[in-house]
Amino acid sequence: MRSPTRTIAIIGAGFSGTVLAVNLLRLVSAQPLRIVVIESRAQVGRGVAYQDDGHPHLLNVPAARMSAQSRDPTQFARYARARDASYRADQFLPRRLYGEYLQALLQNAAQSAPAHVRLERIDARAEQIFCIDPRGPQLVILSNQQHLVADDVVLACGDPPPAAPASAAAITGHGAYVGDPFSRGALGPEAETVLLLGSGLTMADVTLATASLNPSVRIHAISRHGLLPQAQTSAPAASVTGDLLSYLPPGVITARALLRAFRALLTDVERQQGDWRDAVNLARQGAAVAWQRLSLPQRARFLRHLRSRWDVHRHRMPPESDVRLKALRQSGQLQLHAGYLLSMSEEAERIRVHWRERGSQSTQSLLVDRVINCTGTDRRLTQTPHRLLQALMAEGLATPDPLGLGLRTAEHGALIDREGRAAQHLFYVGPMLRAQHWEATAVAELRAHAEGLAQALLRISVSQSAPLVAPAGRLDQLAFK
């Protein structure tokens, strides 16, 4: 006998999964609704980005622009102010505080939801999903020997973990190689010389945390272009207007046309007394439409020639982090290299790294106590170690983007299967939407995707709701603390 209650399963409780659950709890549902969050981490609402790892990492955006709800843009700033009266809306606040905010947001939404809408948690990993019927329920196989039948399933599992570069193949099992910079014990005070792979925001965080643990440590960072993220500003955004799309020709566009359009937008913004940050923020508003007007070869051209420059201006670091990194570079404690890794080998308890400087043919060598992979997520899903993604692709229920940006999705994140069909009851929300929308990593974009998906889920017609097959946690077991 089938339950009259509709079940929506959300796999993952980082930012996207938490905000999706909050929106489902707050929207009006005509039928009884059961929202099941599947998360193996001890705390919901934190994910990797907002976990409390003992280091005072800062948000990359001022508090005033970090609300998880678009209809209440100052919500996080008010929450922070209530926690500590010294916090200001223009400050770059601790990430752990943002994790607490997301937890409180979910708890409040669950407690204020109508009686026929309830939130539950299963403390496990989802390992497989089987589509019982294309128009009906999904069977979710869990790591704790349970299974769950849900009317709709949403993957909110974020990005896959980093992958070791080919040059590190010989040392991935070595104790001095750290494949995941966010893993417990990844940073240690005992290392005197450290090599960081990559030079993005992760590298900046790891550099500052490593230097705080050991003030005498020598840090090297290598990336292809040797570019550091630009700095944010705490100054209020300029009152400028502009539309990237208005500078583009009609129809299909090229990467070169996109570059020309951005330069025209920048000129217009500067004429209004704004700066390049304002131009980047305005360009983000039209990024999804512009990206979808690029052909596949032109997207590849953008990635090859323009992506690195876009990334360092788009993904900016807090001013405080910028000041500290500059001081480390000026003292020589941090050395940034533009080049290519060639090989790594064990040398007793240390690692020997061979690399070639960009624009040079000569090989250089470094002997370091620790190598930390800060290259970020491995977007090549065909070789991901993520078991659920592996299973979905093997079943043909999900397909990777050919450019290695994420998953192929349709409207509201519906997964596209190997036959090119959009799923009716299987969705993804999170940063791998970049394959379809390009901009899909910041709070502003992710909250919009979560809000749109929540509304779409409650519009979906379900003729028969899934039965309750396996026990799940009660609200008082959600481990908000």
Side-chain angles (χ1 to χ4, degrees), residues 60-62 65 198-201 203-204 223-319 321-322 325-326 336 338 358-359 376 379 401-406 431 433-446 448-449:
N60 299 319
V61 177
R65 302 206 302 269
S199 61
L201 291 173
M203 168 267 174
S223 68
R224 282 194 308 147
H225 298 91
L227 298 174
L228 280 175
Q230 294 293 307
Q232 287 277 26
T233 176
S234 56
S239 297
V240 297
T241 59
D243 180 3
L244 177 70
L245 302 178
S246 66
Y247 297 101
L248 290 170
V252 178
I253 60 172
T254 64
R256 187 180 295 274
L258 187 57
L259 177 60
R260 284 197 298 265
F262 178 76
R263 285 174 171 166
L265 173 63
L266 176 59
T267 299
D268 193 19
V269 166
E270 290 175 336
R271 191 178 298 120
Q272 301 174 65
Q273 307 305 310
D275 70 6
W276 61 266
R277 297 175 183 83
D278 302 305
V280 169
N281 292 340
L282 288 171
R284 287 169 55 191
Q285 298 174 16
V289 174
W291 181 253
Q292 290 159 16
R293 288 173 58 187
L294 289 167
S295 65
L296 192 63
Q298 287 300 318
R299 291 184 187 183
R301 186 174 177 83
F302 172 89
L303 296 175
R304 187 166 57 251
H305 297 291
L306 300 176
R307 179 180 188 169
S308 60
R309 295 288 177 177
W310 172 259
D311 281 352
V312 298
H313 290 87
R314 161 66 185 86
H315 302 290
R316 306 186 288 271
M317 72 176 86
S321 300
D322 180 58
L325 282 180
K326 284 179 178 175
L336 184 63
R358 189 178 180 87
R379 296 162 182 165
D401 170 68
L403 296 177
L405 294 174
L433 289 173
R434 69 174 69 85
Q436 175 70 7
H437 300 276
W438 180 243
E439 282 296 316
T441 56
V443 163
E445 286 83 22
L446 289 176
H449 290 305

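Everything numeric in this text was worked out from a predicted model, so none of it was measured.
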Colleague: If you define the side chain from C-beta out and look only at heavy atoms, does anything of L282 sit under 4.5 Å from V240?
Modeller: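 Result yes, sub-4.5 Å side-chain heavy-atom pair found.
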
Colleague: Measuring from atom CD of Q298 to atom CZ of R304, what distance do you get when rounded to the nearest 0.5 angstrom?
Modeller: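 If I round to the nearest 0.5 Å, the distance is 9.0 Å.
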
Colleague: Can you confirm whether V280 sits close enough to R316 that some side-chain heavy atom of one is under 4.5 Å from a side-chain heavy atom of the other?
Modeller: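 The answer is yes, as the side chains (C-beta and beyond) meet within the 4.5 Å cut-off.
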
Colleague: Please round to the nearest 0.5 Å and tell me the distance separating atom CZ of R299 and atom CG of L405.
Modeller: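 Nearest 0.5 Å value for the CZ-CG distance: 8.5 Å.
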
Colleague: Please list all pairs passing the ring-ring contact (aromatic ring centres under 6.0 Å, His included) test where one or both residues lie in residues 260-298, with sequence neighbours left out.
Modeller: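 Non-adjacent pairs meeting ring-ring contact (aromatic ring centres under 6.0 Å, His included): W276-H313, W291-F302, W291-W438.
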
Colleague: So, Q272 side chain and T241 main chain: donor-acceptor pair closer than 3.5 Å or not?
Modeller: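 Here the side-chain-to-backbone pair exists.
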
Colleague: Applying salt bridge (Lys or Arg N to Asp or Glu O under 4.0 Å), which residue pairs with at least one partner in residues 279-292 are found, sequence neighbours left out?
Modeller: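 Qualifying pairs, neighbours excluded: R284-E439, R284-E445.
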
Colleague: List in chain and number order the residues that pass side chain to side chain contact (heavy atoms under 4.5 Å, CB included) with Q436, two or more places apart in sequence or in another chain; answer none if no residue qualifies.
Modeller: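 Scan of Q436 (side chain to side chain contact (heavy atoms under 4.5 Å, CB included), adjacent residues dropped) gives Q292, T409.
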
Colleague: Sorted by first residue and then second, give each salt bridge (Lys or Arg N to Asp or Glu O under 4.0 Å) pair with at least one member in residues 261-273; sequence neighbours left out.
Modeller: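 Sorted result for residues 261-273: D268-R271.
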
Colleague: Work out which heavy atom in A283 is nearest to a heavy atom in L244; give both atom names and the distance.
Modeller: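 Between these two residues, the closest heavy atoms are O-CD2, 3.9 Å.
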
Colleague: Please list, chain by chain and in numerical order, all residues satisfying side-chain hydrogen bond (donor to acceptor under 3.5 Å, both in side chains) with R293, sequence neighbours excluded.
Modeller: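 Partners of R293 by the side-chain hydrogen bond (donor to acceptor under 3.5 Å, both in side chains) criterion come out as none, since no residue qualifies.
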
Colleague: Distance check, rounded to the nearest 0.5 Å: I253 atom CD1 versus Y247 atom OH?
Modeller: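 The CD1 atom of I253 sits 15.0 Å away from the OH atom of Y247.
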
Colleague: Do you know the tightest heavy-atom contact between A279 and L266?
Modeller: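 Shortest heavy-atom separation between A279 and L266 comes out as CB-CD1, 3.8 Å.
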
Colleague: Between L336 and S199, what is the shortest heavy-atom contact and its length?
Modeller: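 Scanning both residues, the minimum pair turns out to be CD1-CB, 3.8 Å.
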
Colleague: Mind checking whether L306 and L258 have side chains closer than 4.5 Å, heavy atoms only?
Modeller: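 A side-chain contact under 4.5 Å is absent here.
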
Colleague: List the atom of A257, the atom of T254, and the distance in Å for their closest heavy-atom pair.
Modeller: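 Minimum heavy-atom contact is N-OG1, 3.0 Å.
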
Colleague: For a quick test of reading the model, state the closest non-hydrogen atom pair linking N60 to Q232 and the distance between them.
Modeller: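 For N60 versus Q232, the nearest heavy atoms are O-NE2, 2.9 Å.
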
Colleague: Taking side chain to side chain contact (heavy atoms under 4.5 Å, CB included) as the test, write out the residues that go with H315, two or more places apart.
Modeller: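 So H315 forms a side chain to side chain contact (heavy atoms under 4.5 Å, CB included) with L201, D311, T441.
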
Colleague: For a quick test of reading the model, state the closest non-hydrogen atom pair linking G286 to L245 and the distance between them.
Modeller: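 Closest heavy-atom pair between G286 and L245: O-CD2, 3.5 Å.
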
Colleague: Could I get the full list of side chain to side chain contact (heavy atoms under 4.5 Å, CB included) partners for V312, not counting sequence neighbours?
Modeller: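 Expected list: L227.
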
Colleague: Rounded to the nearest 0.5 Å, what separates atom CE in M317 from atom CG in L228?
Modeller: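 So the gap between those two atoms works out to 5.5 Å.
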
Colleague: Which residues pass the side chain to side chain contact (heavy atoms under 4.5 Å, CB included) test with R358, sequence neighbours left out?
Modeller: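 Once residues adjacent in sequence are excluded, the partners of R358 under the side chain to side chain contact (heavy atoms under 4.5 Å, CB included) criterion are R224, H225, A338, Y340.
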
